[in-house]
Amino acid sequence: MRVASLVIRTGRADLSFDGIRTEFGLSASYPPAALAEAEEAVSRSPGDRPDLTSIPLVTIDPPGAKDLDQALCVTKSGDGFTVHYAIADLGLFVTPGGALDVEVRRRGQTNYLPDGNVPLHPTVLSEGAASLLPGVTRPAVLWTFECGADGIPVEVEVRRALVRSTAQFDYASVQATFDAGNPHPSVAALAEFGPLRRAYARERGAIELQLPEQEIEPDGDGWKLVTRPRAAVDSWNAEISLMTGMAAAAIMLEAKVGILRTLPDPDPAAVTSLRRSAAALKVKWPADLSPGAFLAGLDPATPEALALFTDATRLLRGAGYSAFSGSVPEVTTHAGVAAPYAHVTAPLRRLVDRFATEVCLAVTAGEELPAWLAEALPELPSEMGSSDSLASKVDRAATDQVEAWVLAGRVGQEFDAVVLRAGDDEAEVFVADPPVLAKCSGRNLPEGERLRVRLTEADPVERKARFERA
């Protein structure tokens, strides 16, 4: 089953997500004191930092994005590569212990809804003074990597600087330039560097689940529900962020202070279960191949792969944050990355990145952590855990809502589906057209196989859709 770009229009202009905002207590407004601090910070001096605006950085984000956290420039350097990666410097704009700091720590992260985001920071910062918008000089935290011919860093530098993005791109347009053979000079080397990093991830045993991602987009007077195959540029760009997070984790672990994003190694029972599923689906899994390498070799377009990717979600359970000082935590690695890892590349949208970045800056400068930072670290795991849970619920509710809108009025119709995960009396199925993940009634449905299903329920009020085997 080839997962294509699929479009379904609701055809109504009055379908909003305000009910989800109310249900989960999401508000785009800020306390007056926090907003006043943000507005004052817009004109704050960046201080004495090197002017590195000559580096031709560019951004790659979804179309229309204004909260631009990262800008990059990847070039060949002899047999190796030089990677410049600029990250929005929220440390300049948020005063520790101030009203804005208190509010963003309450929020934890930006929540994304199809009809408007609920941002972590006021838009005067997140879409203005702190965003790495093109053509303007911005304060940033600049990571510079000197990498060998294998794409592995041999030198890493992180410092505050002034930078300037020269252009704002989106993934599809950048991919089109690579396909046409005329990529922008600032990212042309990604075509060589990205695959090297991807190969390194497979060597480490990184686990990546290539499940179809449902996306909701506005379309005139309704909404589009789409799935898109992941372009090569998406993966290459993600590898730059992962490399930076791995470097940040290494800095903090060496100094024995910081905060990591952790995920325990897969439970052996989950690996055994996945091997049984592969055997049942007649998908060969050599005994010496790690779960990550096995999954990386699957064709995500096949129904067997979709079922195995779904089963493999059991390998990635227990994600959290580990703050430490004086000694390293018991779990230091992230099983999905297959290395120690920290969040530092999205401070406009995620709280923990600002604090982890400040740790890296202090450590590499040979300075003690300021008291406010040392005091904040132990609180971050619970703050981020709460916000991650909320963001996941909001995202799922929005998708469920659009699925129910799209399917309303089609009860009784039949669809082609793939069984992803089966229980005794029901299964999770993926319907490709429209792209829907839902429950399907039926005993002992065959995992990884195609079948026809009949829609039995589509309730926009309860945000539910359900099928049965036809």
Side-chain angles (χ1 to χ4, degrees), residues 69-70 72 83 85 87 108-109 141 143-145 147 150-154 156-158 193-194 196-210 234-266 290-293 295-296 312-313 315-325 327-364 377-378 380-385 387-388 391-392:
D69 283 293
Q70 314 107 7
L72 76 160
V83 179
Y85 202 43
I87 307 299
Q109 61 189 281
V141 175
W143 291 81
T144 299
F145 300 89
C147 302
D150 55 3
I152 298 176
V154 293
V156 179
E157 181 183 43
V158 56
F193 186 75
L196 287 172
R197 295 297 305 181
R198 298 284 292 162
Y200 181 44
R202 290 191 292 272
E203 290 174 12
R204 297 193 311 268
I207 299 173
E208 182 180 12
L209 308 182
Q210 302 177 66
D234 296 49
S235 299
W236 300 342
N237 189 55
E239 287 297 331
I240 305 296
S241 180
L242 290 169
M243 179 177 68
T244 307
M246 291 165 61
I251 289 170
M252 291 189 280
L253 285 170
E254 183 176 357
K256 297 183 179 180
V257 63
I259 181 164
L260 304 177
R261 180 63 163 159
T262 57
L263 181 67
D265 290 337
S290 70
L295 294 167
T313 58
L315 304 181
L316 302 177
R317 291 180 175 173
Y321 296 86
S322 294
F324 57 101
S325 180
S327 61
V328 300
E330 181 178 349
V331 176
T332 62
T333 57
H334 188 292
V337 181
Y341 176 68
H343 281 323
V344 291
T345 63
L348 290 174
R349 294 169 281 171
R350 191 171 48 211
L351 174 71
V352 68
D353 299 52
R354 168 164 59 96
F355 294 86
T357 295
E358 293 294 339
V359 173
C360 291
L361 288 168
V363 167
T364 55
L377 288 178
L380 290 170
S382 62
E383 291 171 346
M384 287 306 304
S387 70
D388 282 347
S392 177

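- For Ser241 and Thr345, the side-chain atoms include at least one donor-acceptor pair closer than 3.5 Å.
- Contact between Leu295 and Ala312 at its shortest, heavy atoms only, is CD1-CB, 3.8 Å.
- Taking CD of Glu203 as the start and CD1 of Ile152 as the end, the distance is 7.0 Å to the nearest 0.5 Å.
- Closest approach of Ile259 to Phe324, counting heavy atoms only: N-CE2, 3.9 Å.
- For Pro153 against Arg197, the heavy-atom pair with the smallest separation is CD-NH1, 3.6 Å.
- Nearest heavy atoms, Val344 versus Ala356: CG1-CB, 3.6 Å.
- The aromatic rings of Phe145 and Trp143 lie parallel to each other, their planes meeting at an angle below 30°, with 60° marking the opposite boundary.
- Sorted by first and then second residue, the salt bridge (Lys or Arg N to Asp or Glu O under 4.0 Å) pairs with a member in residues 338-347 form an empty list; sequence neighbours excluded.
- At a threshold of 4.5 Å between non-hydrogen side-chain atoms, the residues Leu260 and Leu253 count as touching.
- With values rounded to the nearest 0.5 angstrom, Ile240 atom CD1 is found 11.0 Å from Gln70 atom CD.
- The list of salt bridge (Lys or Arg N to Asp or Glu O under 4.0 Å) pairs with a residue in residues 328-353, not counting sequence neighbours, reads Asp69-Arg349, Arg350-Asp353.
- The nearest pair of heavy atoms linking Gly151 to Leu196 is N-CD1, 4.1 Å.
- Side chains of Thr244 and Val158 form no contact here, defined as non-hydrogen atoms less than 4.5 Å apart.
- To the nearest 0.5 Å, the span separating OG1 on Thr313 from CD1 on Ile207 amounts to 11.0 Å.
- Residues forming a side-chain hydrogen bond (donor to acceptor under 3.5 Å, both in side chains) with Tyr321 (at least two apart in sequence, or on another chain): Asp388.
- Closest approach of Ala206 to Val337, counting heavy atoms only: CB-O, 3.6 Å.
- Not counting sequence neighbours, the partners of Arg198 by the salt bridge (Lys or Arg N to Asp or Glu O under 4.0 Å) test are Glu208, Glu239.
- Note that OH of Tyr341 is 15.0 Å distant from OG1 of Thr332, once rounded to the nearest 0.5 Å.
- Legend: salt bridge (Lys or Arg N to Asp or Glu O under 4.0 Å) pairs involving residues 331-348, not counting sequence neighbours: none detected.
- Checked against salt bridge (Lys or Arg N to Asp or Glu O under 4.0 Å), Glu254 has no partners two or more places apart in sequence or in another chain.
- The CE atom of Met243 sits 11.0 Å away from the OH atom of Tyr200 when rounded to the nearest 0.5 Å.
- Here Met252 contributes atom CE and Ser322 contributes atom OG; the two are 11.0 Å apart, rounded to the nearest 0.5 Å.
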